[in-house]
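Hydrogens, waters and symmetry mates play no part in the numbers below; they use all other heavy atoms, side chains included.
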Amino acid sequence: MTNTKKRAEDTCPLVYQCRLPLSTRTVNHLADLLRRHLKAIRSRWRILPPGKIAVIVLAVLRHDQRLADMASGNNVSESTVGRWRDELIGLLAAQAPRLDRALKKIAKQGGEVVLIDGTLIRTRRRTERATGGTIPASTAAMACISSL
């Protein structure tokens, strides 16, 4: 048996599109974060521009797209998309204020009541059977801090 990279006759790659409701500001913010990071670590290049990487990562995070699907549709490897996802999550996490600093800031501004809201945000997670046991099927919870 021989392996070939040629497609069978009369076939074409299937393109899957979905609507990703994101603002330009969100995509630009993430792309700018990545650009600054790449400049700081003196990275010479990436296979795709930062804006395209931002959209791919947002699609993975927002719609729970499989890494392999996003990778093959953009001619990169699955591990590359995973690295991009982890890298951008780290960059976003570095921007988030720590709880103790946020509470001090609210106290300085004269805030008397702080609500730490345990709002449940429904996410679409695959079951263990679909992912081979790598992602538990659950609902994510997010803590939001606001002052009154």
Can you check whether Arg35 reaches Asp32 side chain to side chain, under 4.5 Å on heavy atoms? yes

Rounded at 0.5 Å granularity, tell me how far NZ in Lys104 sits from CZ in Arg98. 8.0 Å

Under 4.5 Å between any side-chain heavy atoms of Leu58 and Leu88, yes or no? no

Any chance you could measure Leu30, atom CG, to Leu91, atom CG, to the nearest 0.5 Å? 8.0 Å

Can you tell me how far apart CG (Asn74) and CG (Asp69) are? Round to the nearest 0.5 Å. 11.0 Å

Nearest-0.5 Å distance, CG of residue Leu33 to CD of residue Glu87: 10.5 Å

Of all heavy-atom pairs between Pro50 and Leu38, which one has the smallest distance, and what is that distance? CG-CD1, 4.4 Å

List the atom pairs, with distances to 0.1 Å, where a side-chain N or O of residues 20-27 and a protein N or O form a donor-acceptor pair under 3.5 Å, not counting sequence neighbours.
unit_1 : atom_1 : unit_2 : atom_2 : d
Ser23  : OG     : Thr26  : N      : 3.1
Ser23  : OG     : Thr26  : OG1    : 2.8

Is any side-chain heavy atom of Val76 closer than 4.5 Å to a side-chain heavy atom of Trp84? yes

If we only count heavy atoms from C-beta on, is the Leu48 to Ile56 side-chain gap below 4.5 Å? yes

Which heavy atom of Ala31 sits nearest to which heavy atom of Ala54, and what is that distance? N-CB, 4.0 Å

Crowded around Arg62 CZ? As in, over 12 foreign heavy atoms under 6.0 Å? no

Is there a side-chain contact between His29 and Gln95, using heavy atoms and a 4.5 Å cut-off? yes

